[in-house]
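A short write-up of the structure that comes next.
Throughout, protein chains are lettered first and strands after them, A, B, ... in sequence-line order, and every chain is numbered starting at 1.
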Amino acid sequence: MMIISSEYFNPKDTFECGQSFRWKPIDGLYVGVVRRSVLMLEPRPDGYEVKVLGEPLSDDEIGAYFDEGSDYKSIIEYLSMKDSWLDKATAFGKGIRLLNQDPFEMLITFIISSNNNIPKIKMAVEALSEQFGDYLMTYKGVKMFAFPTLEQLKACTVTDLNVKGMGYRARYIANAVRQIDENHLDLNLPFELGYEDSKMWLKQLYGIGDKVADCVLLFSYRKKNAFPIDTWVKKMLRELYGVEDRQKAYEAFVDDYFDHYGGYAQQYLFYYMRNHTS
DNA sequence: TTTCAGGTGGTGC
DNA sequence: GCACCACCTGAA
């Protein structure tokens, strides 16, 4: 039996902070698809029990997915002492875990996220899975599907991929998938490369720029220093840290101020900003 | 009806 | 290099 301690974890913070679009509350409990398994989180006195409803998934794999290997106590202690905003943000988002998700799924998901909003991203990811991914099981009347594989998306035309909420990003996905396929790109390579090299490697794909690359690096390749800079992060950097409104200024500040825990800092601050502004 | 949304690629300088 | 701008489309 796998239990995630609730001292530094809660499902809402983790699944609603914008890193994952595949978990949803069903009858009050979060249910989500991880690889080809359906997981459900049941509250226990001191944590959450991870129940595997579909295909088996080992405790090691579940632990890796929930980033059990990271010491959140140390991370939060370190960040909270840096300044008062990080102190507030880490207190507010104390239950966030930086999930280690599937690279291909993150790559496609964050291509969809470009110039898009969260409800539409969810819609498109959901529709892609329903239409092209494998059916896994039905839980309380809700059908669950695996995220499509490279092989499954390879078979799609741009028109096929233009599902609800997708728009012009269908072309981005078709191109990226073709590039990966035709050039036999190894999606495991960035695990072996450092941050800068893996970022350049990802950016060779159509539809992947700086922001999307950083999301993929942070949410699947375990590059915890990656610091995705989007419109909310820019707003945060201007308002909380007085950073000038220029791309280079944002990048320079982030590189200088947030070091190896940059990715964690970004998630806490992002989640804090999203929930404290009108 | 218009505006906006967790950017990117293309173009012009 | 760097600054613009078009771009699908659902929702308010």
Should the pair [X]-[Y] be classified as a salt bridge under the 4.0 Å nitrogen-to-oxygen rule?
X      : Y      : value
A:K140 : A:D27  : yes
A:D214 : A:K223 : no
A:R35  : A:E105 : no
A:K24  : A:E126 : yes
A:E244 : A:R238 : no
A:D181 : A:K154 : yes
A:D210 : A:K203 : yes
A:K248 : A:E251 : yes

Of A:D259, A:T90, A:D71, which is the lone residue that meets side chain to side chain donor-acceptor pair (under 3.5 Å) with A:Y78?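 So, applying the side chain to side chain donor-acceptor pair (under 3.5 Å) to A:Y78 and each of A:D259, A:T90, A:D71, only A:D259 qualifies.
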Using a cut-off of 4.0 Å on non-hydrogen atoms, how would the nucleic acid contact of [X] be classed: base, sugar-phosphate, or nothing?
X      : value
A:V233 : nothing
A:L161 : nothing
A:G209 : sugar-phosphate

Reading DNA chain C from 5' to 3', where do the contacts with chain A start and stop? Cut-off is 4.0 Å to heavy atoms.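 Footprint of chain A along DNA chain C, 5' to 3': C:dC2 to C:dG10.
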What's the OH-C1' distance between A:Y250 and B:dG6, to the nearest Å?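 Checked: the OH to C1' distance equals 14 Å.
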Let's see if you get this right: which residues in residues 103-117 of chain A place a heavy atom under 4.0 Å from DNA chain C?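 Result for residues 103-117 of chain A: A:N115, A:N117, sorted by number.
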Nearest to side-chain heavy atoms of A:Y206, which nucleotide of B:dG6, B:dT8, B:dG10: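 Looking only at side-chain atoms, A:Y206 lies closest to B:dG10.
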Please give the distance between the P atoms of B:dT8 and C:dG10 as a whole number of Å.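 Going atom to atom, P in each nucleotide, I get 22 Å.
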B:dG7 base to A:Y168 side chain: any donor-acceptor pair below 3.5 Å?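 Check passes, donor-acceptor contact within cut-off.
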Hey, do the aromatic rings of A:Y72 and A:Y264 have their centres closer than 6.0 Å?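 Under 6.0 Å, so yes.
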Toss me the dot-bracket line for DNA chain B: Watson-Crick and G-U wobble, both under 3.5 Å, 5' to 3', using | for pairs to another strand and [ ] for crossers. .||||.|||||||
Answer yes or no for A:K94 and A:Y8: cation-pi contact, defined as NZ/CZ to six-membered ring centre under 6.0 Å and angle to ring axis within 45°.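 A:K94 over A:Y8 ring: yes.
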5'-most by nearest nucleotide on DNA chain B - A:I121 or A:K203: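 Nearer the 5' end of the strand: A:I121.
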